[in-house]
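Everything on this sheet refers to the single structure shown next.
Numbers here simply count residues along the sequence, with the first being 1.
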Amino acid sequence: MTRLPPADIARAVLVALIWGMGFVVAKGATEHFPPILLQAFRFAVTATVMAMFLRRPGRGNLPWLLAVSLIGATIQYSLTFSGVHRLSAGIAALVIQLEVPFLVLLGALLLGERPKPRHWVGIALAFAGVAFIAGNIRFGGAWAALLMMMGGAFSWALGQVMIRKLRGISGREITAWVAVLATPQLFLASLLFETGQGAAIAGAGPDVWAAVAYLGLIMTALGYYLWNSLLVRHEVGRVAPFLLLLPVFSVLGGVLFLGEVLSPAQLIGGALVLSGVGLMLIERKQPESVAA
């Protein structure tokens, strides 16, 4: 694999920082907004900014875009950030790393991919880490929140598999279409499953709307733009390991800005999760062949 230039290393670290701090911002904002409503406003902001990139999706792409927006966005973000509302930002960012093991598993089941032995070891480590975290959470509603986070990670992975069915459409256009399609779905989901939206909107101060702007403009629009720009220039295996920094930034942000504290046992569980994900993401360099 080719070495990343310093500018792209900086971009990859910036993506991890933007997305990691997004959990901290969302955690704070869900104290004021119901979590699904928060995501609906987030995607409304993204859709407004990204609408200029909408193009005809191409033959056969629209059904897959609808499926991706429903499963990989509406269901995924509803579950994930409903879980974030009930967990600390640091623990949520660690548990969401299960997206990678789920993606490997779904790739094997649905796409015929063949994970290597170290991938299976990584999957086992990641799930053991989440089990360790779960066994050391002792406050009400934690198990439901943990299951929501795991369901969100699975939905994200399934959405990524569906994206592979799209043809002749750029990553920027996919982001635009998903944002536009998911926005009304999220508002409807909030109407069906949440209460108190009117009071939340009426009582929202500038800090809450600033959080919405961060989630829509920085975390989604800018974050995915930077991420997609890296993916078009480098192999996934070169840039994906930088996402292991995401929960590090979330934990630090939670400690600094939200006063969160992680127990030693939860840190051990997090280390297991990151070790498992890292084992799956970091590719080994193939030895050069030697002429006989």
Side-chain ([X]) to main-chain ([Y]) donor-acceptor, under 3.5 angstrom:
| X | Y | value |
| --- | --- | --- |
| Gln76 | Ala153 | no |
| Asn61 | Arg167 | yes |
| His32 | Ala29 | no |
| Lys27 | Gly254 | no |
| Ser250 | Gly20 | yes |
| Thr183 | Phe43 | yes |
| Arg118 | Leu279 | yes |
| Thr220 | Leu215 | yes |

Problem set entry | Pair Val100-Ile123, side chain to side chain contact (heavy atoms under 4.5 Å, CB included): steps then yes or no | CA-CA 9 Å; Val100 177; Ile123 288 171; over 6 Å; no
Separation of [Y] [atom2] from [X] [atom1] (nearest 0.5 Å):
| X | Y | atom1 | atom2 | value |
| --- | --- | --- | --- | --- |
| Leu79 | Ser155 | CG | OG | 5.5 Å |
| Phe33 | Glu194 | CZ | CD | 11.0 Å |
| Leu258 | Phe23 | CG | CZ | 13.0 Å |
| Leu37 | Ser190 | CG | OG | 4.5 Å |
| Gln197 | Ile36 | CD | CD1 | 9.0 Å |
| Ile174 | Trp64 | CD1 | CH2 | 13.0 Å |

For this session: Evaluate the criterion side chain to side chain contact (heavy atoms under 4.5 Å, CB included) for residue pair Met50 and Glu173; output intermediate values, then yes/no.
Result: CA-CA 8 Å; Met50 300 294 290; Glu173 290 169 343; over 6 Å; no
What heavy-atom pair brings [X] and [Y] nearest, and what distance separates the two atoms?
| X | Y | value |
| --- | --- | --- |
| Phe41 | Ile201 | CZ-CD1, 3.9 Å |
| Gly90 | Val251 | CA-CG2, 3.8 Å |
| Ala93 | Leu246 | CB-CD2, 4.0 Å |
| Met150 | Val130 | SD-CG1, 4.2 Å |
| Met219 | Gly22 | SD-CA, 3.6 Å |
| Met149 | Ala92 | CE-O, 3.2 Å |

Linking I/L/V/M/F/W/Y whenever their side-chain heavy atoms sit closer than 4.5 Å, directly or via other members, would [X] and [Y] fall into one cluster?
| X | Y | value |
| --- | --- | --- |
| Val255 | Val248 | no |
| Val68 | Leu54 | yes |
| Phe53 | Leu65 | no |
| Leu245 | Leu256 | yes |
| Leu110 | Trp120 | yes |

Exercise. Any chance the side chains of Thr74 and Gln185 put a donor and an acceptor closer than 3.5 Å?
Worked result: yes
Problem set entry | Test item: side-chain donor near acceptor, Gln39 and Ser78, under 3.5 Å | no
For this session: Decide if atom OH of Tyr225 counts as having more than 12 heavy atoms of other residues, nucleotides or ligands within a radius under 6.0 Å.
Result: no
Seminar exercise, completed: Only residue of Leu38, Leu217, Val25 satisfying side chain to side chain contact (heavy atoms under 4.5 Å, CB included) with Val212 is Leu38
Problem set entry | Candidate list Leu14, Thr46, Ile18, test side chain to side chain contact (heavy atoms under 4.5 Å, CB included), partner Leu222, passing option | Ile18
Exercise. Is the Tyr77 to Trp156 ring centre distance short of 6.0 Å?
Worked result: no
Problem set entry | Trp19 and Tyr224 aromatic centres sub-6.0 Å | yes
Exercise. Can you find a heavy atom in the side chain of Trp177 that is under 4.5 Å from one in the side chain of Ser69?
Worked result: no
For this session: Taking the side chain as every heavy atom from C-beta outward, state whether Ile71 and Met162 have any pair of such atoms under 4.5 Å apart.
Result: yes
For this session: Report the C-alpha distance between Ile169 and Leu166 in whole Å, list the side-chain angles of each, state the deciding distance to 0.1 Å, and finish with yes or no for side chain to side chain contact (heavy atoms under 4.5 Å, CB included).
Result: CA-CA 7 Å; Ile169 183 171; Leu166 298 170; 3.8 Å; yes
For this session: List the steps and the verdict of side chain to side chain contact (heavy atoms under 4.5 Å, CB included) for Val15 and Phe242.
Result: CA-CA 9 Å; Val15 170; Phe242 284 93; over 6 Å; no
